[in-house]
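These notes concern the structure reproduced below.
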Protein chains: 2
Amino acid sequence: MARTTDTDLAPHELRVLVAVADTGGFSAAAGTLGVTQSAVSHSVRGSERKIGAVLFDRGRTGARPTPAGDKAVVYARRILRLLDILNAEARGAARSDVAEGPLRIAAFRSAALHLLPPVLQRLRARHHGIEPRVRIVREVGRGTAGEVADGKADIAIATLGGSAPLPPGLIASGLLEEPYALVHPAGHAAPRSLPLVDWAENCGSYTRDWWTAQDWIPKATVEAEDDGAVLSLVSGGHGMAIMPALSLVGAADSVAITDLGLGRPTRQVGYVTTSELAGSAVVRALVRELRATVPQCAGLLNSEP
Amino acid sequence: MARTTDTDLAPHELRVLVAVADTGGFSAAAGTLGVTQSAVSHSVRGSERKIGAVLFDRGRTGARPTPAGDKAVVYARRILRLLDILNAEARGAARSDVAEGPLRIAAFRSAALHLLPPVLQRLRARHHGIEPRVRIVREVGRGTAGEVADGKADIAIATLGGSAPLPPGLIASGLLEEPYALVHPAGHAAPRSLPLVDWAENCGSYTRDWWTAQDWIPKATVEAEDDGAVLSLVSGGHGMAIMPALSLVGAADSVAITDLGLGRPTRQVGYVTTSELAGSAVVRALVRELRATVPQCAGLLNSEP
DNA sequence: ACCGTTCCATGAGCAGTTCTCATACCTTGA
DNA sequence: TCAAGGTATGAGAACTGCTCATGGAACGGT
């Protein structure tokens, strides 16, 4: 009696796993999925039986993934995404060069605000069926690339060459070398006397070398929430900062931007995706537009007034 | 009435698509799947309805994938493989550093015969649950890397840097630089008078530069089936050949191998996989063994007697 | 032109699976 | 001890996918 054990998880089972991981509980997951808590319980139990391992630790506070569950959820996200892509690609295969379907982009704040808009405008103009969705992710911890690694995004706009090595299974490519510039309140008599404003996301490693080569160091350091807050503090006369050019696009007149010259620090900005998705039409379309549009941005960044 | 159309293909539907593409017909696919032709027909029709595109052109001779079907099948293979990986990884997540499950390797002939055996021996010794399956693929056309691109293999041993660019969505890494050597019948009085034996798989581009730099060219060229046949022809005194070192491992005493010196042609041998699979435990385990074992091989290759 | 073969398509009915509903169980905090 | 979160479980309804039986279309040999 060879019980023909079907060991593969069906898409709806994968969706349940992801929902439970996202919501942190069976009941909550059931809510977002529009089914009964009972269905979720049955489904998870079924998945666990198929896999042969406990995927969630159930407790009074909800359900937490076990190590096995963590892995399963990451793969579940990727598989579900690939199923989407299969649909979109097969549908669009007839009319070639037409991409369609959703495209989940993770970007750090300044990229989402100042780099992506023109790119997405061109993208949508060229590919009518594409639905880009940008999510702003702070470039701390595993950063935007982590979203791709976890299957939560298809492509990330990230700072490359940072301390953390690229997670296994991802590919990256550079788009532009973004210079840092000194920004301080316009018309301030002694900008060097102001405290330096910094923020968590601004990985110090990019500017550290530059600072050690300087013959002066700022008197104090103030921590702000994000680059927007930094700019606002500087604009209010409360400090000066070393900021990447993208964060300075469209800065108010009340701040003065000083190019730091040849030895200025820079950071590499690029994109990160998985090789599976790199072959998909939607991701390829975005990369094409990024490569076509970003260089023009770069020109503006280097020649600030 | 928003008919909540489930648009995702279930694993068994994906398997049907792959089987139809592999066998070239609904009936044959039904046979290999152990189900009825009717079930296949219903399943394919259902998949086509979900996707919204015709996936196979049906004819009296069987069924051929449409362009949309081609894409769908490629993704189907990858998704099915990821489902396997999900199982294996989640199952093995508890006991870390233990890889288990099948590992499909595509390799060209000489690599499968002379490079992989010691690697796989160590791999199996270290990871008891792993099940490597080597398939020999001729390195012509899209070659071994094409197997990975099509989802038919998890990792390929391939010659890198060839004419064809890496298909999108794959990653590659070099393992060794394999030198070519001159091989001719042992004790032959005038080896240069013999015809040159070549074979389709031996991409001429690797040796072409070297030939143009020589002050003599062979009198004639003979085409053989594969490198084994070439070696056998040479061994029989019917010609001489320029062959990569891997093909010469364990050659009989009846052939003489002459190192071509510093200007000798070489080819890059490496592995190709997808980034999705690069993160999996089984592929990582194999790559680790490849990197540990191959350099020892390389030492032997460069110092032939 | 006929007939036989070899494909795929289709409809009805059965079987297995996955939902819902109702309820039981466990733990925590008041 | 009770109320309020959470999950587990069993029985039946709804659904899905499979098989069986049959039909239609194209090709090739005679």
Side-chain angles (χ1 to χ4, degrees), chain A residues 1-51 53-66 69 76 80 83, chain B residues 1-51 53-66 68-69 73 76 80 83:
Chain A
M1 181 129 278
R3 193 140 196 65
T4 169
T5 318
D6 188 1
T7 169
D8 289 329
L9 271 59
H12 62 86
E13 292 177 305
L14 300 178
R15 243 185 290 277
V16 168
L17 297 188
V18 171
V20 171
D22 282 347
T23 61
F26 286 19
S27 303
T32 70
L33 290 171
V35 298
T36 305
Q37 172 268 325
S38 171
V40 173
S41 179
H42 278 134
S43 177
V44 171
R45 174 165 291 275
S47 301
E48 289 178 331
R49 192 174 40 74
K50 285 181 178 176
I51 291 181
V54 177
L55 299 179
F56 293 95
D57 282 329
R58 287 87 151 163
R60 341 66 216 105
T61 123
R64 301 201 151 286
T66 62
L80 286 172
L83 282 167
Chain B
M1 236 358 50
R3 188 139 197 65
T4 169
T5 318
D6 188 0
T7 168
D8 290 328
L9 272 59
H12 60 87
E13 292 177 305
L14 300 177
R15 244 185 289 276
V16 168
L17 296 188
V18 171
V20 171
D22 282 347
T23 61
F26 287 17
S27 303
T32 70
L33 291 171
V35 298
T36 304
Q37 172 268 323
S38 171
V40 173
S41 180
H42 278 134
S43 177
V44 170
R45 175 164 290 275
S47 300
E48 289 178 331
R49 193 174 39 74
K50 285 182 180 176
I51 291 181
V54 177
L55 299 179
F56 294 95
D57 281 329
R58 288 84 152 163
R60 319 306 131 229
T61 123
R64 301 201 151 285
T66 62
V73 168
L80 287 172
L83 283 166

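Residue numbering restarts at 1 for every chain, and letters A, B, ... go by the order of the sequence lines. Everything quoted here is computed from the prediction, not taken from an experiment.
Note that CG of A:L55 and CZ of A:R64 are 15.5 Å apart. Values are rounded to the nearest 0.5 Å.
Closest approach of B:A28 to B:T23, counting heavy atoms only: CB-CB, 3.6 Å.
Using a 4.0 Å heavy-atom criterion, one finds that A:S41 contacts the bases of the nucleic acid, with or without backbone contacts as well. As judged by a 4.0 angstrom heavy-atom cut-off over every strand, A:G46 is placed among residues making no nucleic acid contact. When heavy atoms are screened at a 4.0 angstrom cut-off, A:V35 is found touching the sugar-phosphate backbone but no base atom. Using a 4.0 Å heavy-atom criterion, one finds that B:G25 contacts the sugar-phosphate atoms exclusively.
Rounded to whole angstrom, the span from the CZ atom of A:F26 across to the P atom of D:dT9 amounts to 11 Å. Summarising the geometry, the separation between CD on A:E48 and C1' on D:dT7 is reported as 12 Å, rounded to the nearest angstrom. Whole-Å rounding puts the A:R45 CZ to C:dT17 C1' distance at 17 Å. Atom P of nucleotide D:dA25 and atom CG of B:D57 are separated by 18 Å, given to the nearest angstrom. In this structure, A:L55 places its CG atom 16 Å from C1' of D:dT7, rounding to the nearest Å. Atom CG of B:D6 and atom P of C:dC19 are 10 Å apart (whole Å). In this structure, A:R49 places its CZ atom 8 Å from P of C:dT18, rounding to the nearest Å. Protein atom CD of B:Q37 is 11 Å distant from nucleotide atom C1' of D:dT22, rounded to whole Å.
Between A:R58 and the phosphate of C:dC26, there is no side-chain N or O to OP1/OP2 separation shorter than 4.0 Å. Between A:H12 and C:dC19, a side-chain N or O to OP1/OP2 separation shorter than 4.0 Å is present. When the side-chain nitrogen and oxygen atoms of B:R60 are compared with OP1 and OP2 of D:dC27, none of them lie within a distance under 4.0 Å.
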The test is side-chain contact (heavy atoms from CB on, under 4.5 Å); show your working for B:L83 and A:L14 and say whether it passes. CA-CA 10 Å; B:L83 283 166; A:L14 300 178; 4.3 Å; yes
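The number of heavy atoms from other shown groups lying within 6.0 Å of CZ (A:R58) is above 12.
Proximity note for B:A63 (side chain, C-beta onward) versus D:dT7, C:dT20, C:dC8: the nearest is C:dC8.
For the pair B:H42 and B:A28, both in contact range of DNA chain C, the more 5′-proximal nearest nucleotide belongs to B:A28.
Side-chain N/O atoms of A:S38 and base N/O atoms of D:dT9 include a donor-acceptor pair closer than 3.5 Å.
Taking A:D22 as the reference, A:R77 meet the side chain to side chain donor-acceptor pair (under 3.5 Å) condition, with sequence neighbours excluded.
Partner A:V20 forms a side-chain contact (heavy atoms from CB on, under 4.5 Å) with one of A:L33, A:V40, A:T32 and no other, that one being A:V40.
Judged purely by atom type and a 3.5 angstrom limit, A:S43 has no side-chain atom pairing as donor or acceptor with the backbone of A:A39.
Over its length, the helix from C:dA1-D:dT30 to C:dA30-D:dT1 turns its helix axis by 20°, as judged from the five terminal pairs at each end, rounded to 10°.
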